[in-house]
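What follows is one structure encoded as structure tokens, with my remarks underneath.
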Number of protein chains: 2
Amino acid sequence: MSTRPFAEQGPDIDIEKGTAFAPRFDRDGLIGAIVTDARSGEVLMFAYMNQDALQATMESRIAHFWSRSRGKLWRKGEESGNLLNVEELRVDCDQDVLWLKVLVSGAGVACHTGARSCFYRSAALGEAADGRLTMDAKQGKQPKTP
Amino acid sequence: MSTRPFAEQGPDIDIEKGTAFAPRFDRDGLIGAIVTDARSGEVLMFAYMNQDALQATMESRIAHFWSRSRGKLWRKGEESGNLLNVEELRVDCDQDVLWLKVLVSGAGVACHTGARSCFYRSAALGEAADGRLTMDAKQGKQPKTP
């Protein structure tokens, strides 16, 4: 691969206030990425990138991740056609989490279960908190409406 | 504390399709939580919870986290007044990431730098990717407009 489009963290880099992109990969060489729908703002999924996945994502503008279960680089949607087209890439204050705003190709489904978003269940809070989840009625295998 | 408002993961629980809230804590006993603004949908921050933090969050509807740097339970905003009032708590398909939709109290600032969101910088993509970040013009120390 070509030169990485990001730097190593070091004493000469102002992580919080600077303009050098110097993502912090954890002890496993990974950084978490929050993926939201660029139009609706809905959180679609959360996955991990290693350095190669981040570089491939930035160069191709198609989201790539590191599959921890399969131990390989993973171009999300390469089999289903639901590729994630990256509109915007953001990083947080201490540069240890990424935020990708994407447009989903194909059927618009981001979750392997067939749901549009992986976050298709909510938990009750406060007095009502009983350890049960409520499934979204509108989620399911139907494609996203345009 | 009282009985936990969530279950242990086990063979009798359908993690993906079931309605039992059985969050998966990692080898450090933590689970990541994505925090978005319940009104704008903007991602504000990402932090970690242990079991006590999740229980306190669910019972009080005020977000609590585990501070990895300080090694203690952390009621976000307890000093600044920028408490995170949890409107909705969601969990992803394999129940290893949480999503909190919140309303921020006080000055509406979620980041310790004084920015409304921790994600105040974006990285260039594709041909333009040069390892530099662009700071949001509208971010800063000014309070959120209502």
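Not measured: the values here are computed from a predicted model. Residue numbers start from 1 in every chain, and the chains themselves are labelled A, B, ... in the order their sequence lines are given, proteins ahead of strands.
- Taking hydrophobic clusters as Ile, Leu, Val, Met, Phe, Trp and Tyr residues chained together by side-chain heavy-atom distances below 4.5 Å, Val102(B) does not share a cluster with Leu83(B).
- For the pair Phe119(A) and Ile34(B), the tightest heavy-atom approach, listed with the atom from each and the gap, is CZ-CD1, 4.0 Å.
- Taken to the nearest 0.5 Å, the CH2 atom of Trp99(A) stands 8.0 Å off from the CG atom of Leu44(B).
- Atom CG of Asp92(A) sits about 9.0 Å away from atom CZ of Phe46(B), to the nearest 0.5 Å.
- Within residues 18-25 of chain B, the residues having any heavy atom under 4.5 Å from a heavy atom of chain A are, by residue number, Gly18(B), Thr19(B), Ala20(B), Phe21(B).
- Residue pairs meeting the salt bridge (Lys or Arg N to Asp or Glu O under 4.0 Å) criterion with at least one partner in residues 97-114 of chain A, sequence neighbours excluded, are Glu88(A)-Lys101(A).
- Interface summary for chain A: among Leu89(B), Asp130(B), Asp94(B), the most heavy-atom pairs under 4.5 angstrom belong to Leu89(B).
- The hydrophobic clustering, which links ILVMFWY residues whose side-chain heavy atoms are closer than 4.5 Å, places Ile31(B) and Ile15(B) apart.
- Trp66(B) meets the ring-ring contact (aromatic ring centres under 6.0 Å, His included) test with no other residue; sequence neighbours excluded.
- In the displayed structure, Glu78(A) atom CD is contacted under 6.0 Å by more than 12 heavy atoms of other residues, nucleotides or ligands.
- When each of Glu127(B), Gln95(B), Arg121(B) is scored by its heavy-atom pairs under 4.5 Å with chain A, the top score falls to Arg121(B).
- Between Asp26(A) and Arg68(B) there is no salt bridge, since no side-chain N of the basic residue sits under 4.0 Å from a carboxylate O of the acidic one.
- For the set Leu133(B), Thr36(B), Val97(B), the count of heavy-atom pairs under 4.5 angstrom toward chain A peaks at Leu133(B).
- Taking hydrophobic clusters as Ile, Leu, Val, Met, Phe, Trp and Tyr residues chained together by side-chain heavy-atom distances below 4.5 Å, Val104(B) shares a cluster with Leu125(A).
- Looking at Arg61(B), only its side chain comes within 4.5 Å of chain A, counting heavy atoms on both sides.
- Residues Met58(A) and Trp74(A) are members of one and the same hydrophobic cluster, defined by side-chain heavy-atom contacts under 4.5 angstrom among Ile, Leu, Val, Met, Phe, Trp and Tyr.
- Most heavy-atom pairs under 4.5 Å with chain A: of the set Ser122(B), Gly41(B), Ala124(B), this distinction falls to Ser122(B).
- Counting heavy-atom pairs closer than 4.5 Å to chain A, the top residue among Ala123(B), Ser60(B), Ser40(B) is Ala123(B).
- Not counting sequence neighbours, Asn50(A) has no partner by the side-chain hydrogen bond (donor to acceptor under 3.5 Å, both in side chains) test.
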